[in-house]
Participant: 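Could you have a look at this structure, given as structure tokens, before my questions?
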Amino acid sequence: MTGLSAGSLTAGLHNTLKQLEAKPRQWVESKLQSYSQTLFQRIFSKQTQAFSQIPGPQPLFPIGNVWALQQGKPIWQVLGEQGQQYGGLSLFWILARPSLVLNDPDLIQQVLLTAQQQTNPHSHEHRANQADFYKDIPRKALRPILTDSHPFVAKTAGSKWQHLVKNNPFNMTYFREWMETQIQPLQVFIESRAEALVKQSETEMLPAYEVIQKLAFDGFSLATVGQVFPDHVFEQFNTLCATGTDRMNRSSIANWMIPEEPKGKHYKEASRQWFQRFSEVLETTQADPAGGSLLDWVLKRGGSAFTPEQMRNFCAGVYPGGAVSAPSGITSTLHLLFQHPQALSALQHDLDGLFKEPLTLERLENCIPVEQVLRESLRLWPPVPFFTRNTVGATHLAGHEIPANTQIFINNWFLHRLSPHWHDSDSFQPERWDTKTLAENDYGSDYFFPFGRGERACIGQDFAKFFMRLTLATLLAKVEIEFGDQPHDQEFYFGVSVPRQLKARFILRS
Ligand code: HEM
């Protein structure tokens with residue numbers, strides 16, 4: 001026997017043994033799977049019966065469908081693929097907890113909009129509306145970090161929530177007038193931060209999300225309370241966010257897994273110092289509200305019936321509201337533009353024109369190329385790609401009776417990429433946002449709702465859009481941003497999907 005034929009015999013034998021080995025393993029696996037499916041149906045028969053007509057993947061005992069989240073895909077993608085396979089209403093089990101997954105614009109309307117707001121009510125069938133649902137998770141997880149003055153934490157849109165929204169500084173009649181005054185100081189701030197980033201990246205690539213998040217954190221501070229805090233305050237904020245993330249992850253399995261108040265020593269100290277800082281800021285500004293910040297304006301011009309504690313909590317609550325999500329949106333946009341150099345150079349050409357005259361709010365908002373790029377990026381990478389509701393009592397959806405307190409996942413990520421509504425839906429094409437598409441797909445419409453929909457949609461969205469537009473325009477007029485070859489993966493952090501792994505270098509434009 002030659003060496004060669006002995007080698008191929010050994011390889012053949014090895015393969016046969018492997019096949020024999022594989023067969024029983026598959027057999028055992030499939031038996032185990034069907035056994036654990038039956039066990040799930042038997043043990044949780046009361047729960048499963050109520051949902052027997054709703055399609056979805058078979059749950060396994062004891063984990064339900066949680067295994068699907070262990071395959072390395074983010075949850076919004078798993079829920080979206082479920083929509084593709086099972087349609088607009090499907091079922092997903094988190095342990096023994098049934099969760100509905102909505103991937104259908106009409107059903108999402110029913111859950112998020114009041115009957116009056118809905119565009120196609122069919123009078124002959126029972127249609128649910130927003131009053132049939134409440135916000136559950138992650139209320140408990142976030143309550144200590146956001147405080148009870150944060151509208152997000154309100155369970156229903158009742159009188160307490162109405163008071164918080166009506167008196168919110170973002171809702172004052174002079175809010176747009178105030179934003180106009182912020183353009184010039186924010187522009188100066190963003191330009192000087194861009195210059196610092198150019199210097200820093202002379203020696204190394206920078207963590208793109210982190211530096212943009214710091215820019216947004218400081219920019220938010222400058223605008224809302226009139227000062228940029230020392231760096232350790234940003235670290236305190238991220239300690240609060242990390243605790244919030246951990247609590248959200250655990251509460252998504254079961255709320256009892258988290259205590260009312262976080263116990264960690266680091267968290268407690270960061271939280272104490274964080275709220276103490278905003279108490280001091282409020283006291284100083286109350287003594288002399290002569291500055292240009294939103295807090296100065298509200299104290300000077302009035303219009304809000306917030307108590308001092310509620311006003312302090314508003315100031316502290318702007319950051320958890322938007323200083324994770326807005327920088328995620330900005331970083332994703334910068335990265336998408338870097339990957340599409342033609343779109344970037346067309347935009348920079350338009351920006352050079354925009355900055356030939358002093359910028360105004362109207363000119364910024366009407367700069368279509370900026371809006372096209374922003375919407376296309378929020379479409380592909382919505383920083384908040386899904387959120388949840390619960391049924392208050394028994395209600396109906398798509399002809400099914402849904403029991404009280406059923407959890408519902410609402411997935412904007414899936415509808416933002418749904419064909420044929422969006423042609424070539426996974427590709428970045430800012431030019432798809434022509435006049436007709438812009439009008440038909442406004443913020444909060446059927447296939448585009450990065451800030452949510454209806455009464456409980458984002459209260460900070462006007463400020464967030466303003467800040468994102470201004471930051472993108474100012475940065476891209478001033479610098480080129482080169483990214484490394486990291487993929488655009490998104491990690492879940494504090495309820496937001498964040499492109500954390502990207503590295504970037506900032507270079508002055510010639
Ligand atoms: C790009 C930035 C932002 C994105 C993508 C975003 C996204 C969202 C979304 C999707 C919701 C709806 C959640 C739901 O229906 O359960 C929401 C609610 C909310 N957002 Fe934002 N947000 C952003 C910035 C901000 C900012 C800057 C603030 C400032 C305070 C803020 C404050 C809030 C509040 C208070 C709510 C709750 C409203 C309620 O429940 O009545 N957000 N946001």
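Every number for a ligand or one of its atoms is a count from 1 in the order of the listing.
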Participant: Quick one: does G329 get within less than 4.0 Å of ligand 1, heavy atoms only?
Facilitator: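 The answer is no: ligand 1 sits nowhere under 4.0 Å from a heavy atom of G329.
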
Participant: Side-chain donor-acceptor pair under 3.5 Å between D296 and S293, yes or no?
Facilitator: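 Indeed, the side chains of D296 and S293 share at least one donor-acceptor pair under 3.5 Å.
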
Participant: Can you list the ligand 1 atoms lying under 4.0 Å from a non-hydrogen atom of V384?
Facilitator: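 Checking each atom against V384, I get 7 (C), 10 (C).
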
Participant: Checking side-chain polar atoms at under 3.5 Å, does Q109 have a donor or acceptor matched by the opposite partner on T119?
Facilitator: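 Yes, a side-chain donor-acceptor pair sits under 3.5 Å.
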
Participant: Taking atom types as modelled, is there a side-chain donor on Y443 or D462 under 3.5 Å from an acceptor on the other?
Facilitator: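 No, no side-chain donor-acceptor pair sits under 3.5 Å.
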
Participant: For atom 41 (O) of ligand 1, grab the closest protein heavy atom and report residue, atom and distance to one decimal in Å.
Facilitator: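 Answer, as residue, atom name and distance: W161 NE1, 2.7 Å.
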
Participant: Is there any N or O on A464 that sits under 3.5 Å from an N or O of ligand 1?
Facilitator: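 No; every N/O pair is 3.5 Å or more apart.
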
Participant: For P450, take its heavy atoms, then give the atoms of ligand 1 lying under 4.0 Å from any of them.
Facilitator: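 Near P450, the atoms of ligand 1 are 5 (C), 7 (C), 10 (C).
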
Participant: Please list, in number order, the atoms of ligand 1 under 4.0 Å from a heavy atom of A326.
Facilitator: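 Result: 1 (C), 2 (C).
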
Participant: Pairs of nitrogen or oxygen atoms closer than 3.5 Å, one from K135 and one from ligand 1: do any exist?
Facilitator: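 Among all N and O atoms of K135, at least one is under 3.5 Å from an N or O of ligand 1.
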
Participant: Taking the six-membered ring for Trp, are F170 and F314 parallel (under 30°), tilted (30 to 60°) or perpendicular (over 60°)?
Facilitator: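 F170 vs F314 ring planes: perpendicular.
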
Participant: Would you mind finding which of C458, A157, G454 brings a heavy atom closest to atom 21 (Fe) of ligand 1?
Facilitator: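 Comparing heavy atoms across C458, A157, G454, the nearest one to atom 21 (Fe) of ligand 1 lies in C458.
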
Participant: What do the steps show when you test F278 against N313 for side chain to side chain contact (heavy atoms under 4.5 Å, CB included), and what is the final call?
Facilitator: CA-CA 8 Å; F278 286 98; N313 292 347; over 6 Å; no

Participant: Can you tell me which residue and heavy atom of the protein come closest to atom 25 (C) of ligand 1, and the distance to 0.1 Å?
Facilitator: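 Protein heavy atom at minimum distance: G321 O, 3.2 Å.
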
Participant: Give the residue, atom name and distance (to 0.1 Å) of the protein heavy atom nearest atom 27 (C) of ligand 1.
Facilitator: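 Among all protein heavy atoms, the one nearest atom 27 (C) of ligand 1 is G322 CA, 3.5 Å.
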
Participant: Could you tell me, atom by atom, which parts of ligand 1 come under 4.0 Å of a heavy atom of H150?
Facilitator: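 Matching atoms, with element in brackets: 34 (C), 35 (C).
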
Participant: Any side-chain donor-acceptor pair under 3.5 Å between N405 and Y134?
Facilitator: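 Yes, because at least one side-chain N or O of N405 sits under 3.5 Å from a partner of the opposite role on Y134.
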
Participant: Just to be sure I read this right, does ligand 1 sit under 4.0 Å from the backbone of A457, its side chain, both, or neither, counting only heavy atoms?
Facilitator: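 For A457, only backbone atoms sit under 4.0 Å from ligand 1.
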
Participant: Name the option, out of P320, S149, G460, P383, that contains the heavy atom nearest to atom 28 (C) of ligand 1.
Facilitator: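 Shortest heavy-atom distance from atom 28 (C) of ligand 1: G460.
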
Participant: Looking only at side-chain N and O atoms, does E455 offer a donor or acceptor that is under 3.5 Å from a partner on Q130?
Facilitator: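 Yes, a side-chain donor-acceptor pair sits under 3.5 Å.
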
Participant: Give a yes/no verdict on whether any heavy atom in R389 is under 4.0 Å from an atom of ligand 1.
Facilitator: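 Right, R389 reaches ligand 1.
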
Participant: Does the side chain of T147 reach to within under 4.5 Å of the side chain of E309, using non-hydrogen atoms?
Facilitator: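 No, their side chains stay 4.5 Å or more apart.
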
Participant: Would you please classify the geometry between the W274 ring and the Y319 ring as parallel, tilted or perpendicular, with 30° and 60° separating the classes?
Facilitator: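 If you compare the ring of Y319 with that of W274, the planes turn out perpendicular.
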
Participant: As an exercise, state the distance from CG of D489 to CG of L502, rounded to the nearest 0.5 Å.
Facilitator: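 D489 CG to L502 CG: 8.5 Å, rounded to 0.5 Å.
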
Participant: Quick one: look up the protein heavy atom nearest atom 6 (C) of ligand 1 and list residue, atom name and how far away it is.
Facilitator: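 The protein heavy atom lying closest is F451 CD2, 3.6 Å.
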
Participant: Could you verify whether a donor N or O on one side chain and an acceptor N or O on the other, from S497 and Q490, lie under 3.5 Å apart?
Facilitator: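 The criterion, which ignores hydrogens and geometry beyond distance, is satisfied for Q490 and S497.
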
Participant: Atoms of ligand 1 less than 4.0 Å from F152 heavy atoms?
Facilitator: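 Near F152, the atoms of ligand 1 are 36 (C), 37 (C), 40 (O).
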
Participant: Indicate whether any N or O donor in one side chain lies under 3.5 Å from an N or O acceptor in the other, for Q429 and S427.
Facilitator: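 Side chains of Q429 and S427: pair found under 3.5 Å.
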
Participant: In terms of atom number and element, which parts of ligand 1 are under 4.0 angstrom from non-hydrogen atoms of M468?
Facilitator: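 Going through ligand 1 atom by atom, the ones under 4.0 Å from M468 are 1 (C).
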
Participant: With atoms numbered from 1 as shown, which atoms in ligand 1 lie under 4.0 angstrom from a non-hydrogen atom of S325?
Facilitator: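 Atoms satisfying the 4.0 Å criterion: 1 (C), 2 (C), 3 (C), 4 (C), 23 (C), 24 (C).
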
Participant: Relative to the heavy atoms of F170, which atoms of ligand 1 are at a distance of less than 4.0 Å?
Facilitator: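 Taking each heavy atom of F170 in turn, ligand 1 has 29 (C), 30 (C) under 4.0 Å.
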
Participant: If you measure only the distance, is there a donor-acceptor pair under 3.5 Å linking the side chains of Q372 and E376?
Facilitator: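 Looking only at side-chain atoms, E376 and Q372 do not form any donor-acceptor pair under 3.5 Å.
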
Participant: Do any nitrogen or oxygen atoms of R456 come within less than 3.5 Å of a nitrogen or oxygen of ligand 1?
Facilitator: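 Among all N and O atoms of R456, at least one is under 3.5 Å from an N or O of ligand 1.
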
Participant: Would you mind checking which non-hydrogen protein atom is closest to atom 34 (C) of ligand 1, with the distance to 0.1 Å?
Facilitator: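 Protein heavy atom with the smallest distance to atom 34 (C) of ligand 1: I459 CG2, 3.4 Å.
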
